[in-house]
Amino acid sequence: LRAYLASIAYADAKLGQVLDRLEECGLTDDTLIVLWSDHGWQLGEKLAFRKFTLWERALRIPLMFGGAGIEPARIPASVSLVDIAPTILALLGLAPDPAFSGQDLSPAITGSGSLARPYAPSVWGLGFKNLENTKLAYSVRSDRYRLTKYWDDSYELYDHAADAEASDGEKQLAPSHYFTRLTQRLIAAVSAPTAEGVLYELDLRLRPSGNKGPVATHVDAFAKYQRG
C-alpha cells in the first residue's frame, strides 16, 4: 500500500511540473490536455488484488480534458477510453475517423449537447493463450448501475447510488420487477447492433431463480434458490 500511494504521489508531482512548464512557456491556451489511467486497482476489496475483475474499483478511472474553452465541470456519465481519440479530433476541429468505435464526448465537455451513448461496456476473460478455451465476461456501466455477465451465465447487478430509491414515479414497481426491467435495458445496451455486428451476445436462458424466473432478483432470494 505504501508503494502504491508513493507511485500516485510521484505521478502527481510530475504532472504538476508539466503543467507549470506549459504555463511558463505561454502554451496553455494552445494546448489540449488529456489525463487518464489505463485501469483501476484493487487493494483487497472483495478479497481481490490488482486489476483483473469487472468491478467498479478495477474499471473506474480518472479521465480529464482541459484547455482553452473548456470550463471546469464534472460529467455524470459513464464513458470509455475508446472515446478519447474521437473527442480529441472533435475538440481540435478535425474530421472524425470512421475507424474509431468510440463516441465524441465534446458535446458534453463544451455543454453544447448530450452523449449519444451514456454507458460504457467492458470485457475481461481468462485463458487467452488458448483461444478455444477462452472464458469471457462482459460488463456495462450506466450513470448509476453496473451489470456484469460471466462465462458461467451468472449475473451481477450493482446499484452505485447509495441514497437513491429503487423505484420512483406515480406507479412504483416492486423491487423484482424494477430490477428485471433495468437488467433488460442494460442487456439491450451491451448487445446493441454495430456496423460490425452485435456488440456482445448475451444468453438469458439461465436465471438466478430458475429458468422461468426473473432475470434479476434479491441476493437473499438467489441464495434461497441455490440452497434448494
Side-chain angles (χ1 to χ4, degrees), residues 11 15 18-19 30-42 50-126 128 131 134 136-151 155-158 160-161 182-202:
L15 175 62
V18 172
L19 296 178
D30 299 316
T31 303
L32 174 64
I33 300 172
V34 185
L35 174 66
W36 75 94
S37 168
D38 61 339
H39 56 76
W41 198 260
Q42 293 169 163
R50 299 191 295 173
K51 60 183 179 179
F52 302 109
T53 72
L54 288 175
W55 294 326
E56 191 81 354
R57 183 72 70 176
L59 291 179
R60 185 173 181 176
I61 62 167
L63 176 57
M64 304 178 189
F65 290 84
I70 300 178
E71 298 295 329
R74 180 181 182 276
I75 301 174
S78 295
V79 298
S80 175
L81 291 181
V82 298
D83 301 331
I84 293 178
T87 304
I88 291 177
L89 292 179
L91 291 174
L92 296 181
L94 302 177
D97 189 331
F100 294 142
S101 60
Q103 64 176 328
D104 173 17
L105 306 179
S106 65
I109 294 174
T110 60
S112 61
S114 57
L115 299 180
R117 188 178 62 206
Y119 60 87
S122 302
V123 61
W124 170 69
L126 299 174
F128 288 105
L131 296 181
T134 299
L136 295 179
Y138 308 97
S139 185
V140 59
R141 177 68 153 89
S142 69
D143 59 342
R144 175 177 168 181
Y145 299 97
R146 176 178 297 283
L147 176 70
T148 301
K149 176 189 180 296
Y150 293 95
W151 45 80
Y155 284 81
E156 292 176 349
L157 176 63
Y158 292 95
H160 288 283
L182 172 65
T183 301
Q184 290 170 335
R185 288 199 299 269
L186 292 174
I187 289 173
V190 78
S191 59
T194 69
E196 299 180 355
V198 176
L199 190 59
Y200 300 122
E201 293 185 3
L202 302 184

Contact check, side chains of R117 and D83, non-hydrogen atoms, under 4.5 Å: yes
Taking all non-hydrogen atoms of both residues, which atom of P86 and which atom of F100 are closest, and how far apart? CG-CB, 3.8 Å
Give the intermediate values and the outcome of side chain to side chain contact (heavy atoms under 4.5 Å, CB included) for residues T134 and L126. CA-CA 6 Å; T134 299; L126 299 174; over 6 Å; no
Heavy atoms only: give me the nearest V79-A120 pair and the separation to one decimal. O-CB, 3.3 Å
Apply side chain to side chain contact (heavy atoms under 4.5 Å, CB included) to the pair L59 and H39, showing each step before the final yes or no. CA-CA 6 Å; L59 291 179; H39 56 76; over 6 Å; no
Of all heavy-atom pairs linking P96 and P98, the shortest is O-CD, 3.7 Å
S122 vs L54 side-chain heavy atoms within contact, under 4.5 Å: yes
Chi angles and distances behind the side chain to side chain contact (heavy atoms under 4.5 Å, CB included) call for V140, Y138: CA-CA 7 Å; V140 59; Y138 308 97; over 6 Å; no
Return the OG to CD1 distance between S114 and I75, rounded to the nearest 0.5 Å. 11.0 Å
When every non-hydrogen atom of S37 is compared with those of L81, the smallest separation belongs to O-CD1, 3.7 Å
Is it true that W124 and W55 have ring centroids separated by less than 6.0 Å? no
R141: partners by side chain to side chain donor-acceptor pair (under 3.5 Å), with sequence neighbours left out: E56
Qualifying residues under ring pair (Phe, Tyr, Trp, His ring centres under 6.0 Å), relative to W36, sequence neighbours excluded: none
D104 side chain reached by L89 side chain, heavy atoms, under 4.5 Å: no
Are S142 and S78 close enough that some pair of their side-chain heavy atoms sits under 4.5 Å apart? no
Side chains of D38 and I61: does their closest heavy-atom pair fall under 4.5 Å? no
Kindly indicate whether the side chain of F65, heavy atoms from C-beta on, has any atom under 4.5 Å from the side chain of T87. yes
Looking only at heavy atoms, which two atoms of D143 and P76 are closest? And how far apart? CB-O, 3.6 Å
T53/Q42 under side chain to side chain contact (heavy atoms under 4.5 Å, CB included): CA gap, chis, key distance, verdict: CA-CA 9 Å; T53 72; Q42 293 169 163; 2.7 Å; yes
Rounded to the nearest 0.5 angstrom, the CG-CD1 distance for L94 and I88 is 10.0 Å
Which value, rounded to the nearest 0.5 Å, describes the distance between L63 atom CG and L105 atom CG? 7.0 Å
